[in-house]
Protein chains: 2
Amino acid sequence: MTETPASLTSTQLGAYFAFTEVSSLLRHAVEKQLRDVGDLSYVQFQLLARLGDSPHGQQRMTDLADGVVYSRSGLTYQAQLLDQRGLVTRAPSPDDERSTVISLTEAGRDVLAAVFPGHIEALHSLLFAALSDSDIDELARILGAAAAHLRAIPPRSAAPRRRSRPEA
Amino acid sequence: MTETPASLTSTQLGAYFAFTEVSSLLRHAVEKQLRDVGDLSYVQFQLLARLGDSPHGQQRMTDLADGVVYSRSGLTYQAQLLDQRGLVTRAPSPDDERSTVISLTEAGRDVLAAVFPGHIEALHSLLFAALSDSDIDELARILGAAAAHLRAIPPRSAAPRRRSRPEA
DNA sequence: TAGCACTGCTTCGAACTCGAAGCAACGGTA
DNA sequence: TACCGTTGCTTCGAGTTCGAAGCAGTGCTA
């Protein structure tokens, strides 16, 4: 570490607060749109979208979970729900019997197609409408660098969790 | 509406994806630090921090909930937990018997003080370390504008919720 | 001052999330 | 081939979140 100031500059604080605020508000607004149009939670949408972007509309559970920064057990739960709704199917991988491959169905693609335009429209009106083209360029560049940094720093931070005192 | 393109430019997509990724990763990392050092969830930290920043270390429940973009019932729950831990106290407002005023205790300030340096250090190493000063300026400016826009757009969007089919 | 819509908080039930533990399959080694 | 640490997923229990409903206090109007 070169230096570790005890505080942040007001600009840094401002950037951080603005970031968290945009994050919260945008998330809520987008969530609402997804719920209203496709009866999807944000997580479910992310999962479907990621599948839609994958080679044969399919991915291994673990890869999918890592992709959306989500717990494996949580993914199992959501995959069940999506499976019940017929938006995805699950099958053991031919390569590795342990793996479950989750695949987007036609119905899944339909829901995705139904939700997408509104999703994009929401992003336009909520986020990009307030920004100039060059702002968006800058944002993409800066956040891209930040994302790369975050991805690289903690490859998979360990350290045991600790909720409350488990016991004396 | 002036125009509603059916898709986003790749720069816009990039900005959006980078944003969500930074948001997720940063959130997880910060959450972990807060948990390890002060045994606080992110929400709890936000609540304490906001109280610490308020006039007499106190705020009305509703204002606090709005401040952190959080449901009222959720706040009631967390306020109970923080109360039990002695980090805050709750009392009816003298002005308005309906209101509950939640106040930071000394113990609450102590926890906040214990957690803060690590929190700032985490922000440094996770986020700001990857960015130049001018990047941070830009980020603050752009996200500030976006936040203002988001705050203004939906004063409090209504529209009834709808989860799954309530019936066959 | 009686009536009444509204506000502020809490309670309640249902849904979602997570980590730990459990179970099966894999892959290396002897 | 038998063993064994590792990997991939699911099950389980506990904790957290939300919206709807309920309840009390407020303030406006007649």
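Below, chains carry the letters A, B, ... as their sequence lines are ordered, and counting in each starts from 1. Everything numeric here is computed off the predicted structure, so don't read it as measured data.
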>> Testing the 3.5 Å rule here: is there a donor-acceptor pair between the side chains of Thr9(B) and Thr11(B)?
In response: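 Looking only at side-chain atoms, Thr11(B) and Thr9(B) do not form any donor-acceptor pair under 3.5 Å.
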>> Whether the Ser23(A) and Ser23(B) side chains hold a donor-acceptor pair (N or O, under 3.5 Å, no angle test) is what I'd like checked.
In response: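 Yes, because at least one side-chain N or O of Ser23(A) sits under 3.5 Å from a partner of the opposite role on Ser23(B).
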>> Can you list, in residue-number order, the parts of residues 48-56 of chain B that come under 4.0 Å of DNA chain D, counting heavy atoms only?
In response: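 Going residue by residue through residues 48-56 of chain B, none turns out to have a heavy atom under 4.0 Å of DNA chain D.
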>> Among residues 75-86 of chain A, which ones have heavy-atom contacts with DNA chain D below 4.0 Å?
In response: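 Per residue number, the list reads Thr76(A), Gln80(A).
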Measure the distance from [atom1] on [X] to [atom2] on [N] and round it to the nearest whole Å.
{"X": "Arg60(A)", "N": "dC26(C)", "atom1": "CZ", "atom2": "C1'", "answer": "12 Å"}
{"X": "Glu31(A)", "N": "dC16(C)", "atom1": "CD", "atom2": "P", "answer": "11 Å"}
{"X": "Gln44(A)", "N": "dT17(C)", "atom1": "CD", "atom2": "C1'", "answer": "13 Å"}
{"X": "Arg35(B)", "N": "dT16(D)", "atom1": "CZ", "atom2": "C1'", "answer": "10 Å"}
{"X": "Asp66(B)", "N": "dG8(C)", "atom1": "CG", "atom2": "P", "answer": "9 Å"}
{"X": "Asp96(A)", "N": "dG28(C)", "atom1": "CG", "atom2": "P", "answer": "12 Å"}
{"X": "Tyr42(A)", "N": "dA15(C)", "atom1": "OH", "atom2": "P", "answer": "24 Å"}
{"X": "Asp95(A)", "N": "dT7(D)", "atom1": "CG", "atom2": "C1'", "answer": "15 Å"}

> Of the candidate nucleotides dA25(C), dA20(D), dT17(C), which contains the atom at the shortest distance from the side chain of Ser73(B)?
Replying inline: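 From the listed options, dA20(D) comes nearest.
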>> Side chain of Arg90(B) only, heavy atoms from C-beta on: which candidate in dG19(D), dT10(C), dG19(C) is closest?
In response: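 The answer is dT10(C), which lies nearest to the side chain.
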> When you check the phosphate oxygens OP1 and OP2 of dT10(C), does a side-chain N or O of Arg72(B) lie under 4.0 Å from one of them?
Replying inline: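 Negative; the distance criterion is not met.
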>> I'd like to check the side-chain contact (heavy atoms from CB on, under 4.5 Å) partners of Arg90(A); sequence neighbours left out, ordered by chain and number.
In response: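 Result, side-chain contact (heavy atoms from CB on, under 4.5 Å) vs Arg90(A): Ala79(A), Gln80(A), Asp83(A), Thr100(A), Ile102(A).
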>> Ignoring hydrogens, what is the shortest heavy-atom contact between Leu143(B) and Ala15(A)? Give both atom names and the distance.
In response: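 So the minimum-distance heavy-atom pair works out to CD1-O, 4.2 Å.
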> If you look at every heavy atom in His149(A) and Leu126(B), which pair is closest and at what distance?
Replying inline: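 Scanning both residues, the minimum pair turns out to be CD2-O, 2.9 Å.
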> With the threshold set at 4.0 Å, does a side-chain nitrogen-carboxylate oxygen contact exist between Glu31(A) and Arg35(A)?
Replying inline: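 Looking at Glu31(A) and Arg35(A), the cut-off is not met.
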> Can we say Asp53(A) and Arg50(A) salt-bridge, meaning some charged N sits less than 4.0 Å from an Asp/Glu carboxylate O?
Replying inline: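 Looking at Asp53(A) and Arg50(A), the cut-off is not met.
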Can you pull every protein N or O that's under 3.5 Å from an N or O on nucleotides 1-6 of chain D?
none

> Which residues pass the side-chain hydrogen bond (donor to acceptor under 3.5 Å, both in side chains) test with Gln59(B), sequence neighbours left out?
Replying inline: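 Partners of Gln59(B) by the side-chain hydrogen bond (donor to acceptor under 3.5 Å, both in side chains) criterion, ordered by chain and then number, come out as Ser54(B).
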> In the hydrophobic clustering (ILVMFWY, side-chain contacts below 4.5 Å, transitive), which residues join Tyr77(A), or is it alone?
Replying inline: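 Reading the cluster by chain and number, Tyr77(A) sits alongside Leu81(A).
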> For Ser99(A) and Pro94(B), take the nucleotide of DNA chain D holding the closest heavy atom to each; which residue's nucleotide lies nearer the 5' end?
Replying inline: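 The residue whose closest nucleotide sits nearer the 5' end is Ser99(A).
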>> Exactly one of Leu82(B), Leu104(B), Leu112(B) should register a side-chain contact (heavy atoms from CB on, under 4.5 Å) with Leu51(B). Which one does?
In response: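 When side-chain contact (heavy atoms from CB on, under 4.5 Å) is applied between Leu51(B) and each of Leu82(B), Leu104(B), Leu112(B), only Leu104(B) qualifies.
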>> Quick check on Asp133(A): does its CG atom have over 12 non-hydrogen neighbours (other residues, nucleotides or ligands) under 6.0 Å away?
In response: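 Open.
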> Shared ILVMFWY cluster between Tyr70(B) and Val101(B), side chains joined below 4.5 angstrom?
Replying inline: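 Tyr70(B) and Val101(B): separate clusters.
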